[in-house]
Amino acid sequence: MKDSEIENALEMDNFLSEERELSDAWKKRAELELNEDPNKLDDELNDLRIFLDNSEQLKNVPKDDKFLIKFLRAKSHDLLKAEEMISRYCTARSKFKANFENSLPSSCSDTFSHQIQTVLQHRDTKARRVFIFRVGMWDPALVSKEDLFSANYLCLELMAREPKTQISGIIAVVDMAGLSWSHWMQMSYDYIQSMVGMVQNSFPIRFKEIHIINESAIFQVAFALVKPFLTEKMKQRLQFHGSSYDSLHSCVPASILPEELGGDAGHFSNQELLTSLQNMEEFFLEMQNISNNC
């Protein structure tokens, strides 16, 4: 399918956790890209519920269709892989508990005030959500690495709740300008493992591309330590742009990017994102209950 034929490409799309029925075009895309068969969906969801019912460790995991379908779509309706991902999702909350302790919108307002991360309201040329993370805006003296992780996690959960995003996947733009040793000194083995796990193993969202801009010599040293944790598939999805915004814009249009990334869409802002997250407080409280039995 040509980019020009993709529904909602480059359109502003407000964050909707309660989304309307998918259009025929999106249903067809789910069929083509994720092997989704509407006639089998109820049985697949019931099979996941049976799996959860048979696991004492997973008894606090929500069993509603809306929660479970994101795992099926993240694993292209491979039931065994979806079950494994739910287990990893739960285990991560227990193994790296400190990273999730403040994972409520009401607890992360100060972190978001530093304008470190956002999700663009416009989708990209393939109608994927775009997550932006700016390393240089993170001051470890003001925002702990655990609170930073929690804020990023909230962004991923918001996107993973959207049916269209479950189908399209997301891309990330990581601006490494301002990366310093003070940042890297925060990166323990467990923290790297937790962070990488969210990207490729333990969270029900499909990272289709990760664009790195303004990487420095410090980044090269840091990346050498992270690289062994990455799967070959994830390594292939990384794209490095040096300091070239033209290179970045050839992949992510300037029309949807903020001025801080050489774009035409006004100043960087995460206010709409934060407002939407605040409306999901009850959902995130429910997510915290998962950790109580993992």
Side-chain angles (χ1 to χ4, degrees), residues 3-23 25-26 29-30 66 70 73 103 105-106 108-135 137-138 148 150-175 198-199 203-213 239 241 245 248-281 283-284:
D3 289 354
S4 59
E5 299 173 348
I6 295 177
E7 188 167 298
N8 301 124
L10 297 177
E11 291 182 6
M12 178 175 281
D13 196 5
N14 292 330
F15 306 118
L16 297 173
S17 61
E18 301 296 333
E19 195 157 335
R20 301 182 203 83
E21 177 76 9
L22 287 168
S23 68
W26 278 99
R29 184 169 178 179
K66 186 172 182 178
K70 62 188 179 185
R73 286 174 170 160
S103 57
S106 57
C108 285
S109 295
D110 182 66
T111 300
F112 281 107
S113 74
H114 294 272
Q115 301 292 318
I116 302 167
Q117 63 277 96
T118 196
V119 178
L120 299 184
Q121 288 186 275
H122 282 84
R123 293 180 177 268
D124 78 346
T125 55
K126 292 181 170 59
R128 301 171 297 196
R129 279 293 187 201
V130 182
F131 173 69
I132 297 179
F133 182 79
R134 300 192 294 169
V135 175
M137 299 302 291
W138 174 33
L148 183 70
S150 287
N152 288 340
Y153 158 75
L154 296 183
C155 295
L156 294 182
E157 282 285 14
L158 178 144
M159 291 186 283
R161 294 271 286 174
E162 299 180 316
K164 284 186 286 190
T165 305
Q166 293 166 5
I167 296 166
S168 68
I170 71 170
I171 69 170
V173 178
V174 183
D175 184 0
M198 290 289 283
V199 173
F203 193 85
I205 204 163
R206 299 158 66 229
F207 279 82
K208 305 298 290 182
E209 298 170 7
I210 300 178
H211 297 273
I212 312 294
I213 185 79
Q239 299 186 40
H241 300 282
Y245 287 123
L248 175 64
H249 298 163
S250 70
C251 302
V252 189
S255 61
I256 68 171
L257 287 171
E259 294 175 9
E260 290 81 354
L261 289 170
D264 305 319
H267 287 297
F268 183 102
S269 173
N270 57 22
Q271 185 53 56
E272 291 295 330
L273 169 69
L274 180 58
T275 299
S276 295
L277 287 170
Q278 289 168 337
N279 291 332
M280 294 172 63
E281 183 83 9
F283 167 76
F284 286 109

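Atom set for the values below is all heavy atoms of this structure, side chains included, hydrogens, waters and symmetry mates excluded.
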Does a side-chain heavy-atom distance below 4.5 Å link [X] with [Y]?
{"X": "Val252", "Y": "Leu261", "answer": "no"}
{"X": "Cys108", "Y": "Leu154", "answer": "yes"}
{"X": "Arg161", "Y": "Lys66", "answer": "yes"}
{"X": "Phe284", "Y": "Leu277", "answer": "yes"}
{"X": "Glu162", "Y": "Phe15", "answer": "yes"}
{"X": "Asp110", "Y": "Ser113", "answer": "yes"}
{"X": "Arg129", "Y": "Asp13", "answer": "yes"}

Side chain to side chain contact (heavy atoms under 4.5 Å, CB included) between Leu148 and Phe133, intermediate numbers included: CA-CA 11 Å; Leu148 183 70; Phe133 182 79; 3.8 Å; yes
What residues form a side chain to side chain donor-acceptor pair (under 3.5 Å) with [X], not counting sequence neighbours?
{"X": "His241", "answer": "His211, Ser247"}
{"X": "Glu272", "answer": "none"}
{"X": "Gln121", "answer": "Asn14"}
{"X": "Glu260", "answer": "His267"}

Residue pair [X] / [Y]: nearest heavy atoms and the distance that separates them:
{"X": "Ala160", "Y": "Pro204", "result": "CB-O, 3.8 Å"}
{"X": "Gln117", "Y": "Ala151", "result": "NE2-CB, 3.7 Å"}
{"X": "Phe131", "Y": "Met159", "result": "CB-CE, 4.0 Å"}
{"X": "Pro163", "Y": "Leu22", "result": "CB-CD2, 3.9 Å"}
{"X": "Val199", "Y": "Ile210", "result": "CG1-CD1, 3.9 Å"}

How many angstroms lie between atom [atom1] of [X] and atom [atom2] of [Y], to the nearest 0.5 angstrom?
{"X": "Ile170", "Y": "Leu156", "atom1": "CD1", "atom2": "CG", "value": "5.5 Å"}
{"X": "Ser168", "Y": "Glu7", "atom1": "OG", "atom2": "CD", "value": "12.0 Å"}
{"X": "His114", "Y": "Trp138", "atom1": "NE2", "atom2": "CH2", "value": "12.0 Å"}
{"X": "Cys251", "Y": "Glu209", "atom1": "SG", "atom2": "CD", "value": "6.5 Å"}
{"X": "Leu248", "Y": "Leu257", "atom1": "CG", "atom2": "CG", "value": "5.5 Å"}
{"X": "Asp175", "Y": "Tyr245", "atom1": "CG", "atom2": "OH", "value": "5.0 Å"}

Apply side chain to side chain contact (heavy atoms under 4.5 Å, CB included) to [X] and list each qualifying residue two or more places apart in sequence or on a separate chain.
{"X": "Ala265", "result": "none"}
{"X": "Ala127", "result": "Ile6, Asn8, Trp26, Arg29, Arg123"}
{"X": "Gln115", "result": "Arg134, Phe268, Asn270"}
{"X": "Val130", "result": "Leu120, Asp124, Ile132, Ile171, Val173, Ile256"}

With sequence neighbours left out, which residue pairs that include part of residues 150-160 fulfil the salt bridge (Lys or Arg N to Asp or Glu O under 4.0 Å) condition? Lys70-Glu157
Taking ring-ring contact (aromatic ring centres under 6.0 Å, His included) as the test, write out the residues that go with [X], two or more places apart.
{"X": "His249", "result": "none"}
{"X": "His122", "result": "none"}
{"X": "Phe112", "result": "none"}

